[in-house]
Number of protein chains: 2
Amino acid sequence: MARNVEFDESLAIQKAMEVFWKKGYNATSLRDLTDAMQINSSSLYNTIGDKQELFVRCVQHYTDIRKQDWEKRLAGKRSPLSILVDYIHEAVNVIINGESSCMAVKTAFEVATNDERVKQILVADDQRAYNFLHDLIKNAMEEGEIRDDEDPALLADYFNSTWTGWYESFILHQDPVKIKRMAEYFIKQLTK
Amino acid sequence: MARNVEFDESLAIQKAMEVFWKKGYNATSLRDLTDAMQINSSSLYNTIGDKQELFVRCVQHYTDIRKQDWEKRLAGKRSPLSILVDYIHEAVNVIINGESSCMAVKTAFEVATNDERVKQILVADDQRAYNFLHDLIKNAMEEGEIRDDEDPALLADYFNSTWTGWYESFILHQDPVKIKRMAEYFIKQLTK
DNA sequence: ATTATTCTGAAACAAATGTTTCAGAATTGG
DNA sequence: CCAATTCTGAAACATTTGTTTCAGAATAAT
């Protein structure tokens, strides 16, 4: 027998995520957040919690979206190699068109070393990325789409860590061609 | 006709760098810095300047050290490939034994997007890293130490961006074997 | 030794930080 | 409509932030 929460919580999380994503955890103030979320700090503390808790929810939300993307790609029922190549091209597009790098990467370097909860969310996310790549590589090998003289586990680890450096490169040089050429070399390694 | 600065400025920069390196720019307070540097904030502002200026000096110092390391390695007069392989092994050691990741990488993601001066220091540093790799790869090709069917410029870019992901991987998994295996695969690609 | 200049320490500064308080508006179920 | 409960807005909170002030200690050159 009382009123309900007035604001849309998942929309508010989305807005907060965008601010954290762009500015990073420490450079984002509570005012930045409540402005973007369009709620009062009392509502924030009553429902979600403090800044740390909100950040955890945002990182979780970010990784949830990625998880859905991977699932959708696998459900496509296309050949393993074409899913893989599609994914790489899309990753390149995100890097060269996105305006604030990858939140998971930024968070790994800024926060994960000091916050165990955040780290565990990123570890789980990384594990899903690994599984996505590993399964595609393994299946592509079994179907003869790519050479099979390397361990799929090694290749999955290796490729999974490769994108991170492309983000850094693009922050420094803003050179799309550089990224595209690296991606082409990357694909060539797999297939030839 | 007056007294001189009492503290050792380059030692103070070194101490400040260690704090920034570990905690990042935004999570480091002026108190953290003056405590580590063992000077009063008035001395800091009289000599070096404000927090931003101090950070710039620290990043510059960090990249200066790297520059010296590259020069020393090239002066070694050993074969290009052995210099390269040595360097990769040393990079792995730094990743798996260092206790706070790479300051250049962390700074690229946390600060370089918002601070043009810091970004330019990192761009110059990245260019030196690129040159180091490019020259070694090119020379190794000319001396027949490695295959020469790829563009040295592409390989230098590609390899230069690869380490960054290894740092991220180690933050999340703290698994030295993972890093070592990726490094071995990395070297194998070059030589085989 | 004197003097002119510069450095240092401690305190003070305003502004910004993350968080809490609470009166009153709102809305639910009865 | 009532009453009980919960939400919201604005203000206030104590800390912490980056930075400045300034009196006095220190020292270089004369």
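Letters A, B, ... mirror the listed sequences (proteins, then strands); counts begin at 1.
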Peer 1: Check every atom of C:dG18, D:dA11, C:dT8 against the side chain of B:F7 and return the nucleotide holding the closest atom.
Peer 2: C:dT8
Peer 1: How would DNA chain C look in dot-bracket form, 5' to 3', counting Watson-Crick and G-U wobble pairs with both distances under 3.5 Å and writing | for bases paired to another strand?
Peer 2: ||||||||||||.||||.||||||||||||
Peer 1: Are A:F132 and A:Y87, when compared by the centres of their aromatic rings, separated by less than 6.0 Å?
Peer 2: yes
Peer 1: Check every atom of D:dC7, D:dA10, C:dT28 against the side chain of A:N4 and return the nucleotide holding the closest atom.
Peer 2: C:dT28
Peer 1: Return the value, rounded to whole Å, for the distance between atom CE of A:M37 and atom C1' of D:dG9.
Peer 2: 16 Å
Peer 1: With a 4.0 Å cutoff (strictly under), does any side-chain N or O of A:S43 reach OP1 or OP2 of D:dT8?
Peer 2: yes
Peer 1: Could you check which residues of residues 44-58 of chain B get a heavy atom under 4.0 Å from DNA chain C? Sort them by number, please.
Peer 2: B:N46
Peer 1: Cation-pi check for B:Y130 against A:K178: NZ or CZ below 6.0 Å from the six-membered ring centre and within 45 degrees of the axis, yes or no?
Peer 2: yes
Peer 1: From the list D:dG18, C:dG9, D:dT19, which nucleotide is the closest neighbour of the side chain of B:N40?
Peer 2: C:dG9
Peer 1: Assign the ring pair A:Y185 / B:Y158 to parallel, tilted or perpendicular, where the plane angle (0 to 90°) is split at 30° and 60°.
Peer 2: perpendicular
Peer 1: Does B:K51 reach the main-chain N or O of B:Y25 with its side chain, forming a donor-acceptor pair under 3.5 Å?
Peer 2: yes
Peer 1: Does any pair with a residue in residues 15-26 of chain A pass salt bridge (Lys or Arg N to Asp or Glu O under 4.0 Å), and if so which ones, sequence neighbours excluded?
Peer 2: A:K23-A:D32
Peer 1: Within the 4.5 Å heavy-atom criterion, are A:L136 and A:L74 side-chain neighbours or not?
Peer 2: yes
Peer 1: How about CD on B:Q174, more than 12 heavy atoms from neighbouring residues, nucleotides or ligands closer than 6.0 Å, or not?
Peer 2: yes
Peer 1: Rounded to whole Å, please give me the gap between CZ in A:R31 and P in C:dT19.
Peer 2: 11 Å
Peer 1: Within a strict 4.5 Å, meaning less than it, do heavy atoms of the A:W163 and A:V94 side chains meet?
Peer 2: no
Peer 1: Would you mind telling me which residue lines up with the more 5' stretch of DNA chain D, A:S41 or B:S42, judged by nearest nucleotide?
Peer 2: A:S41
Peer 1: Provide, to the nearest angstrom, the distance between the CG atom belonging to B:D35 and the P atom belonging to C:dG9.
Peer 2: 13 Å
Peer 1: Passes side chain to side chain contact (heavy atoms under 4.5 Å, CB included), B:I13 versus B:L54? Steps please.
Peer 2: CA-CA 8 Å; B:I13 294 282; B:L54 175 60; 3.9 Å; yes
